[in-house]
Novice: 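Before anything else, here's the structure in question.
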Amino acid sequence: PDLDQEKQPQRRLYLLYHELRPNGSKYSYVLENADFEKHLELFARLREKKGGLLPELTFDDGHISNYEYALPILQSRNLKARFFITVGWTGHKPGYMGWNELRALHDSGQSIGAHGWTHTLLTHCSEKDLQTELSGARTVLEDKLGTAITTMSLPGGRYDRRVLIACEEAGYTQVYTSIPRSEPDSMGKIIGRLNIRGDMKPEWISDVLN
């Protein structure tokens with residue numbers, strides 16, 4: 001059995017974060033900065049041990065804390081994450097990144113993807129609205145950042161066959177969901193993630209990854 005285990009390719013678990021704050025919050029999707037640092041320390045130990053699932057980091061929405069707090073913490077450990085941006089909020093909605101912050105995030109080597117235009121659930125969209133949420137968001141991100149945008153995170157994790165076809169037609173090669181599942185190294189078109197809440201202790205996350 002041990003030999004069989006050694007032959008198994010490493011699997012990954014994509015973790016979904018949203019907002020960081022210095023002192024945490026009652027809001028379930030907010031994580032305290034110190035806890036995020038503990039998560040990264042845990043991930044570094046797991047990578048060295050080369051056991052269990054390999055953790056990968058993603059952020060949804062484009063909150064300003066992704067630039068103010070997450071980026072410096074990631075850089076201090078030479079780590080990369082994927083940031084999925086709600087394009088219509090960028091530079092308009094208080095508490096979210098502007099284009100200068102988003103460009104700086106991209107220029108630092110972090111990966112940028114789309115998270116729709118208005119964060120509307122895509123399963124509720126008309127064909128015209130899907131165009132805006134998918135093609136419109138991608139076009140503006142590519143224009144503002146000067147790079148190809150080929151990944152999409154589904155608002156609310158909601159999708160059906162129509163949404164997946166629309167994502168492909170809009171030019172996205174990978175679609176990230178909120179379904180918690182591990183992924184093989186050779187990633188497919190649909191990628192599951194574990195939504196991280198503020199009440200999830202590092203010990204619990206360690207048990208999941210192991």
Novice: Are H39 and L57 side-chain neighbours, meaning at least one heavy-atom pair lies under 4.5 Å?
Specialist: no
Novice: Can you say whether the rings of Y17 and F36 are parallel (under 30°), tilted (30 to 60°) or perpendicular (over 60°)?
Specialist: perpendicular
Novice: Tell me if the CZ atom of R181 is crowded by more than 12 foreign heavy atoms within 6.0 Å.
Specialist: yes
Novice: Taking atom types as modelled, find out whether T150 and Q174 have a side-chain donor-acceptor pair closer than 3.5 angstrom.
Specialist: no
Novice: Could you tell me whether the side chain of F59 reaches within less than 4.5 Å of the side chain of L15, counting heavy atoms only?
Specialist: no
Novice: Does some side-chain heavy atom of K49 sit less than 4.5 Å from a side-chain heavy atom of N210?
Specialist: yes
Novice: Going by heavy atoms in the side chains, are T90 and E101 under 4.5 Å from each other?
Specialist: no
Novice: Using 30° and 60° as the class boundaries, would you call the ring planes of H115 and H119 parallel, tilted or perpendicular?
Specialist: perpendicular
Novice: For residues R193 and S153, is any side-chain donor paired with an opposing acceptor at under 3.5 Å?
Specialist: yes
Novice: Considering the options L54, L53, L209, which one meets the side chain to side chain contact (heavy atoms under 4.5 Å, CB included) requirement together with L46?
Specialist: L209
Novice: To the nearest 0.5 Å, how far apart are CD in E68 and CE in M97?
Specialist: 10.0 Å
Novice: Would you call the rings of Y176 and F84 parallel, tilted or perpendicular, where under 30° means parallel and over 60° means perpendicular?
Specialist: tilted
Novice: Heavy-atom count around Q75 CD within 6.0 Å, excluding the residue itself: above 12?
Specialist: yes
Novice: Report the residue from I205, L16, T58 that forms a side chain to side chain contact (heavy atoms under 4.5 Å, CB included) with I196.
Specialist: I205
Novice: Identify, with sequence neighbours excluded, every residue that meets ring pair (Phe, Tyr, Trp, His ring centres under 6.0 Å) alongside Y69.
Specialist: none
Novice: Would you say the side chain of R162 lies within less than 4.5 Å of the side chain of E127, judging by non-hydrogen atoms?
Specialist: yes
Novice: Using a cut-off of 6.0 Å, state whether more than 12 heavy atoms not belonging to N78 lie near its atom CG.
Specialist: no
Novice: How about L74 and K80: do any of their side-chain heavy atoms sit closer than 4.5 Å?
Specialist: no
Novice: Applying the 4.5 Å side-chain criterion to the ILVMFWY set and letting contacts propagate, would W89 and L141 be lumped into a single cluster?
Specialist: no
Novice: May I ask you to test the Y29-D61 pair for a side-chain heavy-atom distance under 4.5 Å?
Specialist: no
Novice: Does R138 reach the main-chain N or O of I149 with its side chain, forming a donor-acceptor pair under 3.5 Å?
Specialist: yes
Novice: Is any side-chain heavy atom of P155 closer than 4.5 Å to a side-chain heavy atom of T120?
Specialist: no
Novice: Answer yes or no: does atom OH of Y67 have more than 12 heavy-atom neighbours from other residues, nucleotides or ligands under 6.0 Å?
Specialist: no
